[in-house]
Amino acid sequence: MLKITAGIDGMACEMCEAHVNEAIRKHLNVKKVSSSHRKHQTVIIAEEEISDKDIKKALEGTGYKVTDISREPYEKKGLFSFRKHH
């Protein structure tokens with residue numbers, strides 16, 4: 001699993017967050033997506049790598065601009081996260 005954090009320019013309210021989330025879900029294969037207009041970012045949880053190009057393309061024509069993208073491994077933190085299943 002991968003956590004991709006994308007800086008997004010142009011989000012001003014919760015409706016903007018919903019528009020960005022919808023565009024990401026519609027164009028990309030993601031497990032979860034959440035956006036914050038206050039932090040100016042969108043966090044995507046995905047099973048597989050998603051390219052910067054694909055993320056930018058998903059938001060093309062929406063009026064929002066991707067400013068930067070970072071990635072890190074994502075481990076679901078749950079009640080039983082101390083038990084590692086390999």
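Judged as a salt bridge (Lys or Arg N to Asp or Glu O under 4.0 Å), the pairs with a partner in residues 48-57 (not counting sequence neighbours) are, in order, Glu49-Arg71, Asp52-Arg71. Under the salt bridge (Lys or Arg N to Asp or Glu O under 4.0 Å) criterion, the residue pairs touching residues 3-31 are Lys31-Glu47, with sequence neighbours excluded. The stretch residues 58-67 participates, sequence neighbours left out, in no side-chain hydrogen bond (donor to acceptor under 3.5 Å, both in side chains) pair at all.
When all heavy atoms of Ala58 and Ala23 are compared, the closest pair comes out as O-CB, 3.6 Å. Here the closest heavy-atom approach between residue Ala46 and residue Asn29 is recorded as CB-O, 4.1 Å.
By the side-chain hydrogen bond (donor to acceptor under 3.5 Å, both in side chains) test, Ser70 pairs with no residue at all, sequence neighbours left out. Thr42 pairs by the side-chain hydrogen bond (donor to acceptor under 3.5 Å, both in side chains) definition with Ser35, not counting sequence neighbours.
Val43 places none of its side-chain heavy atoms less than 4.5 Å from the side chain of Val33. Looking only at side-chain heavy atoms (C-beta outward), Ile45 and Tyr74 come within less than 4.5 Å of each other. A 4.5 Å side-chain heavy-atom check between Leu28 and Ile55 finds at least one atom pair inside the cut-off. For the pair Val30 and Ile24, the minimum side-chain heavy-atom distance is below 4.5 Å.
Put simply, CG on Asp68 and CD on Gln41 are 8.5 Å apart, with the number rounded to the nearest 0.5 Å. From His27, atom NE2 reaches atom CD1 of Ile50 across 12.5 Å, with rounding to the nearest 0.5 Å.
Apart from Met15 itself, the hydrophobic cluster it occupies contains nothing, where clustering links Ile, Leu, Val, Met, Phe, Trp and Tyr at side-chain heavy-atom distances under 4.5 Å.
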Report the C-alpha distance between His40 and Ile8 in whole Å, list the side-chain angles of each, state the deciding distance to 0.1 Å, and finish with yes or no for side chain to side chain contact (heavy atoms under 4.5 Å, CB included). CA-CA 5 Å; His40 307 284; Ile8 308 287; 5.8 Å; no

